[in-house]
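Comments concern the structure below.
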Amino acid sequence: MDDAIGGRFIKESIIGEGNFGTVYRALDSTNKKPVAVKVEKPSIDISQVENEIRVLNALQGNRGFPRLIASGTEDGSMYIAMQLLGPSLEEKFQESKHLFSLMVVLKIAEQILSRIQTLHNKLFIHRDIKPRQFLMSPSAGSPTIYMIDFGLSKCYQNGKMGLHIQYMENRPFVGTANYASINTHMGIQQSRRDDLESYMYMLSYFLNGSLPWLSKDHSISDREIRQIKNRISVNELFRKGPQELVLMMAYIKSMAFEDRPDYDYLMGLIKRMKANVKVEKKRGISTLSVNTIEQKARKVRKAITDPFAEQPDLFKTAKNGEKNKNELLNPGDEEEMKPEPNSAECMTEETEVYPEIKDRNILKTINTKERPQSRSLDIDAMKETQKCYIM
Ligand SMILES: Nc1ncnc2c1ncn2[C@@H]1O[C@H](COP(=O)(O)OP(=O)(O)OP(=O)(O)O)[C@@H](O)[C@H]1O
């Protein structure tokens with residue numbers, strides 16, 4: 001028991017090592033059940049785990065977020081014990097040789113949008129959306145995808161009046177370059193729209209098997225990634241998918257800094273694509289048939305300039321009760337999509353809940369194993385997050 005974290009969690013193996021700590025598979029000595037324990041590196045000046053605990057606390061009881069079991073300090077490092085989850089979407093994607101069917105991508109899209117909506121309803125933005133942050137359910141056959149890693153999350157609503165955080169420029173980079181929004185690259189304060197832009201890059205990655213700025217030898221700089229993102233058209237990014245994906249991206253790119261995303265609009269587009277895939281599958285048409293996509297593209301392209309415009313009814317809806325034969329996710333995930341109630345869970349207090357951060361000029365830029373990526377710790381932003389008082 002000497003080696004047990006917090007005198008309770010017996011380390012079994014390392015399941016993940018991030019920039020800011022190590023995640024262990026451990027045994028909870030109180031009930032002999034396996035858990036995941038994240039222990040922060042002692043060298044971290046500002047505790048991301050502390051931030052993560054606050055956000056995860058607010059999310060407890062919502063589907064698709066790991067259960068918080070315990071937290072504390074071990075040898076001066078913060079730790080968090082949580083529900084043990086399965087492999088990440090990145091691992092699943094690599095296992096399937098970078099090939100997900102369109103239906104699988106759409107099911108992933110549906111679940112992740114729901115997770116983002118829940119997080120946003122709790123008044124937090126994630127700021128590091130990428131395939132590694134989504135883990136499969138630990139039990140085989142369960143369709144639930146979990147969102148993890150809230151170390152960089154931030155409250156986007158300030159003050160008791162519920163005011164949105166202010167638009168700012170020259171912000172230090174926070175996130176992962178490959179999936180960061182263009183505005184994040186440009187140093188613009190992140191808001192809900194940026195989580196959604198990262199989400200769309202993730203969907204493009206799953207659909208195309210890669211992203212135009214991913215380089216195998218990690219030789220590309222963050223600046224070059226931003227330049228390619230700026231250059232590439234939305235049509236190109238989703239050339240292998242239905243044009244609804246282009247509409248989704250066009251809508252997200254049209255959002256203003258403080259805008260509340262229209263999650264229903266986005267979810268509606270995903271559902272329409274899913275229904276169409278089912279119809280096409282029944283008719284024996286490949287869901288990635290270029291001709292089919294081109295035909296639809298011609299009808300939809302006109303509408304792209306106005307993402308709110310009434311769209312032509314491109315897709316017939318699937319018959320009720322139609323069975324879904326899918327490879328990665330099982331039937332029943334519609335159940336997952338029950339709208340999350342709107343609730344305000346983070347509020348700033350005029351007095352700070354956590355101690356003043358002394359050195360405001362520290363900026364850490366830490367490169368991950370998966371270069372080209374950078375993930376930085378923004379002290380000012382962390383301070384703001386620390387001011388988010390969770391009721
Ligand atoms: N609850 C969990 N169950 C199972 N595995 C987990 C769990 N939480 C994290 N992991 C694994 O540990 C890895 C690192 O976790 P996490 O992303 O939370 O840490 P991090 O230090 O912030 O990492 P990074 O800097 O790479 O984002 C994850 O990619 C995942 O594989």
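Whatever order the structure lists them in is the order used to number ligands and atoms, beginning at 1.
- Looking at E91 next to ligand 1, no N or O pair under 3.5 Å apart turns up.
- Contacts between A36 and ligand 1 below 4.0 angstrom, taking non-hydrogen atoms only, involve the side chain exclusively.
- With a 6.0 Å cutoff to the six-membered ring centre and a 45° limit on the axis angle, K229 counts as a cation-pi contact of Y201.
- In the vicinity of M82, heavy-atom distances shorter than 4.0 Å reach the ligand 1 atoms 1 (N), 8 (N).
- The distance from ligand 1 to the heavy atoms of G16 drops below 4.0 Å at these ligand atoms: 12 (O), 13 (C).
- The aromatic rings of H98 and F93 lie parallel to each other, their planes meeting at an angle below 30°, with 60° marking the opposite boundary.
- Taking any N or O of E52, backbone or side chain, none lies under 3.5 Å from an N or O belonging to ligand 1.
- In this structure, I15 is not a member of the same hydrophobic cluster as Y79, with clusters built from ILVMFWY side-chain heavy atoms closer than 4.5 Å.
- In the vicinity of Q83, heavy-atom distances shorter than 4.0 Å reach the ligand 1 atoms 1 (N), 2 (C), 3 (N).
- Ring geometry for F206 against F100 counts as tilted: the plane angle lies between 30° and 60°, on a 0 to 90° scale.
- When heavy-atom distances to ligand 1 are checked against a 4.0 Å cut-off, Q133 comes that close only through its side chain, counted from C-beta outward.
- Residue contacts with ligand 1 for L85 involve both N, CA, C or O and side-chain atoms from C-beta outward (heavy atoms, distance under 4.0 Å).
- Only one option out of K130, K38, R132, R127 pairs with D149 in a salt bridge (Lys or Arg N to Asp or Glu O under 4.0 Å); it is K38.
- When each atom of ligand 1 is checked for a heavy atom of F20 under 4.0 Å away, the hits are 21 (O).
- Contacts of K38 with ligand 1, taken as heavy-atom pairs under 4.0 Å, involve the side chain alone.
- The closest heavy-atom contact to atom 28 (C) of ligand 1, among the options D128, I148, V23, L152, comes from I148.
- Close approach to G21 involves these atoms of ligand 1, each under 4.0 Å from a residue heavy atom: 21 (O).
- Between Y156 and H164, the ring planes lie tilted relative to each other; the angle falls in the 30° to 60° range.
- With sequence neighbours excluded, no residue forms a side-chain hydrogen bond (donor to acceptor under 3.5 Å, both in side chains) with K11.
- When hydrophobic side chains of Ile, Leu, Val, Met, Phe, Trp and Tyr are connected at separations under 4.5 Å, Y146 ends up clustered with L85, L135, I148.
- Residue-ligand proximity: G151 is placed with every non-hydrogen atom at 4.0 Å or more from ligand 1.
- No more than 12 heavy atoms of other residues, nucleotides or ligands lie within 6.0 Å of CD in Q166, so this atom counts as exposed by the packing criterion.
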